[in-house]
Amino acid sequence: MRGAEKIAARNRHLEHEVRELKSREVVLRKLAVAVEHSPVSVLITDCKGTIEYVNPRFSAVTGYSSEEAVGKNPRILKSGTHPPQYYQELWQTILSGREWRGEFHNRNKDGSLIWELLSISPVFDDSGVITHFVGVKEDIGELKRLQKQLGELAHFDELTGLPNRSLFQDRLEQVRIHTHRNRGRFALLFVDLDGFKEVNDSYGHQAGDAVLREVARRLAQGVRESDTVARLGGDEFVIILNDLKHLDEPQVVARKLLEMFAQPFILGDVHCKLGISIGVSIYPDHATETEALISRADAAMYQAKQHGKNNCRYWAQQSGDSEPMQRGDDRPP
């Protein structure tokens, strides 16, 4: 009887194990299907980083088939964007048994670059030893593009594409620091349009916007690529002339701009002429702080308007007034 009971008990135990195995098999099959059809890339490596499995999404994104990827190291996706310390931190984290999560700028098989959010988790055996790593990657390229667009909206004028007031002030401070360090000079030109209100009144605001875009183009064309042209708002623009080698450079640029704006604006049905009034301040001759430089260039610009418009005047340091640009001057007043 006891022998029969033992056999029955053993059979019940075996049946329980079979049910457990079948249950686990069902779960594993579901997991396999889920991974195979996952909308994110999945790869599994051994403890040394050799790829043992990639899902179809990984192949679709990277261009590497399962046969091409298995047996390789994930460094086949390395773009060279990240410093060695980035990878060192990753390995230190996962080898310590913790999950690593971060962004990667990877290179696909065809050479194209892709931004991905990657999480890597260690897998342990029953004794607590790491046997594998599971990586899950999600394409965040669209998110990066949206972030870039938001950044551009925050720092660039939507109408003209020029730096806006915020980016201008940041660049002005950077130029001030650089110029102070190198004991040099730079100039700030405050530019205001003459006659722009009449354009809006005669042709409408849509035409006025087209004229402002052409104004931005002419201003940018009149300076070096290393200089900055920004729109503060309305019809007010500023120009930073970097690294002055000669003190007459601002008046040379101002004269060039005045000549460019002497040409009429012909844009579809719009046919008009605009002038520009330019005020100039120079670092460190006229001020050493950015706000003072802006204020004095602005004041000089208003003096240019009061003296007939369509001309350029420098801030006069001693009198607090401004002085006209003189042809042939070796330096500003």
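Numbers here are sequence positions counted from 1. Atoms considered below: every heavy atom in the structure, side chains included; atoms not considered: hydrogens, waters and symmetry mates.
Remark: side-chain polar atoms of Ser96 are paired, donor with acceptor, to backbone N or O of Thr93 under 3.5 angstrom. In this structure, the side chain of Asp157 does not engage the main chain of Leu162 through any donor-acceptor pair within 3.5 Å. Thr288 places no side-chain N or O within 3.5 Å of a backbone atom of Pro284 that could act as its donor or acceptor partner. Although no hydrogens or angles enter the test, the distance criterion places no donor-acceptor pair under 3.5 Å between the side chain of Ser295 and the main chain of Glu291. The closest donor-acceptor contact from the side chain of His178 to the backbone of Gln174 lies at 3.5 Å or more, if one exists at all. Asn108 places no side-chain N or O within donor-acceptor distance of the main-chain N or O of Gly63, the cut-off being under 3.5 Å. Checking side-chain atoms of Asn106 against main-chain N and O of Ser79 turns up no donor-acceptor pair under 3.5 Å. No donor-acceptor pair closer than 3.5 Å links the side chain of Arg231 to the backbone N or O of Ala216. Side-chain atoms of Asp192 do not come within 3.5 Å of backbone N or O of Gly279 as any donor-acceptor pair. When atom types are taken as modelled, the side chain of Asn164 and the backbone of Leu167 share a donor-acceptor pair closer than 3.5 angstrom.
Sorted by first then second residue, the side-chain hydrogen bond (donor to acceptor under 3.5 Å, both in side chains) pairs that include residues 266-278, not counting sequence neighbours, are Asp194-Ser277. The stretch residues 98-107 participates, sequence neighbours left out, in these salt bridge (Lys or Arg N to Asp or Glu O under 4.0 Å) pairs: Glu103-Lys144. For residues 60-71, the set of pairs meeting the salt bridge (Lys or Arg N to Asp or Glu O under 4.0 Å) definition, not counting sequence neighbours, comprises Glu68-Lys109.
Here the straight-line distance linking atom CD of Gln92 with atom CD of Gln85 works out to 10.5 Å at 0.5 Å rounding. The OH atom of Tyr64 lies 6.5 Å from the CG atom of Leu77; values are rounded to the nearest 0.5 Å. Considering CE of Met301 and CG of Asp298, their distance stands at 4.5 Å, rounded to 0.5 Å. Here NZ of Lys305 is found 10.0 Å from CD1 of Ile276. Values are rounded to the nearest 0.5 Å. For the atom pair CZ of Phe190 and SG of Cys312, the computed distance is 13.5 Å after rounding to the nearest 0.5 Å. Expressed to the nearest 0.5 Å, how far OG1 of Thr290 lies from CZ of Arg171 amounts to 15.5 Å.
For the side chain to side chain contact (heavy atoms under 4.5 Å, CB included) test, residues two or more places apart in sequence or in another chain that qualify with Ala210 are Arg213, Leu267. For Asp227, the side chain to side chain contact (heavy atoms under 4.5 Å, CB included) partners are Val223, Arg224, Leu241, Asn242, not counting sequence neighbours. Not counting sequence neighbours, the partners of Glu52 by the side chain to side chain contact (heavy atoms under 4.5 Å, CB included) test are Asp46, His132. Under the rule for a ring pair (Phe, Tyr, Trp, His ring centres under 6.0 Å), the partners of Phe104 that lie at least two apart in sequence or sit in another chain are His82, Tyr86, Tyr87, Trp100. In this structure, Glu225 has no side chain to side chain contact (heavy atoms under 4.5 Å, CB included) partners at least two apart in sequence or on a different chain. Looking at residues two or more places apart in sequence or on another chain, you find no side-chain hydrogen bond (donor to acceptor under 3.5 Å, both in side chains) involving Arg57. The ring pair (Phe, Tyr, Trp, His ring centres under 6.0 Å) check on Phe168 picks up nothing, with sequence neighbours excluded. With sequence neighbours excluded, the residues forming a salt bridge (charged side-chain N to carboxylate O under 4.0 Å, His left out) with Glu116 are Lys137, listed by chain and number.
Looking at Val211 and Glu214, their side chains never come closer than 4.5 Å, going by heavy atoms from C-beta outward. Residues Ser41 and Val54 are not in side-chain contact: their nearest non-hydrogen atoms beyond the backbone lie 4.5 Å or more apart.
Taking every heavy atom of both residues into account, Glu249 and Lys245 meet most closely at OE2-N, 2.5 Å. Listed here is the closest heavy atom pair of Pro74 and Leu43: CG-CD1, 4.0 Å. Counting all heavy atoms, side chain and backbone alike, Val199 lies closest to Gly208 at CG1-CA, 4.3 Å. Closest of all the heavy-atom pairs between Arg185 and Thr179 is N-CG2, 3.4 Å. Nearest heavy-atom pair, Val280 versus Pro250, reported as atom, atom and distance to 0.1 Å: CG1-CB, 4.0 Å. When all heavy atoms of Ala300 and Trp315 are compared, the closest pair comes out as CB-N, 3.8 Å.
If you chain together hydrophobic residues whose side chains sit under 4.5 Å apart, Leu118 and Trp91 fall into the same group. Ile51 and Ile94 are assigned to two separate hydrophobic clusters, defined by single-linkage of ILVMFWY side chains at heavy-atom distances under 4.5 Å. Residues Phe265 and Leu193 are members of one and the same hydrophobic cluster, defined by side-chain heavy-atom contacts under 4.5 angstrom among Ile, Leu, Val, Met, Phe, Trp and Tyr. Hydrophobic clustering keeps Tyr53 apart from Ile130 (ILVMFWY residues linked when any side-chain heavy atoms are closer than 4.5 Å, directly or through intermediates). Both Leu159 and Tyr203 are members of a single hydrophobic cluster when ILVMFWY side chains are connected at heavy-atom separations under 4.5 Å.
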Could you walk me through whether Leu188 and Ile239 pass the side chain to side chain contact (heavy atoms under 4.5 Å, CB included) check?
-> CA-CA 6 Å; Leu188 179 64; Ile239 300 172; over 6 Å; no
Could you give me the CA-CA distance, side-chain angles and deciding distance for His180 and Tyr283, then say whether side chain to side chain contact (heavy atoms under 4.5 Å, CB included) is met?
-> CA-CA 9 Å; His180 174 74; Tyr283 175 96; 3.2 Å; yes
Decide side chain to side chain contact (heavy atoms under 4.5 Å, CB included) for Thr62 and Ile76; before the verdict, give the C-alpha distance in whole Å, the side-chain angles of both, and the deciding distance to 0.1 Å.
-> CA-CA 10 Å; Thr62 66; Ile76 59 175; over 6 Å; no
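Using a cut-off of 4.0 Å between Lys/Arg side-chain N and Asp/Glu carboxylate O, Glu259 and Arg255 are scored as not salt-bridged.
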Acceptor/donor pairs from residues 119-128 side chains to any protein atom, 3.5 angstrom cut, sequence neighbours excluded:
from	atom 1	to	atom 2	distance (Å)
Asp125	OD1	Ser127	N	3.0
Asp125	OD1	Ser127	OG	2.8
Asp125	OD1	Gly128	N	3.0
Asp125	OD1	Val129	N	2.9
Asp125	OD2	Ser127	OG	3.3

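At most 12 heavy atoms of other shown residues, nucleotides or ligands fall within 6.0 angstrom of atom CD in Glu158.
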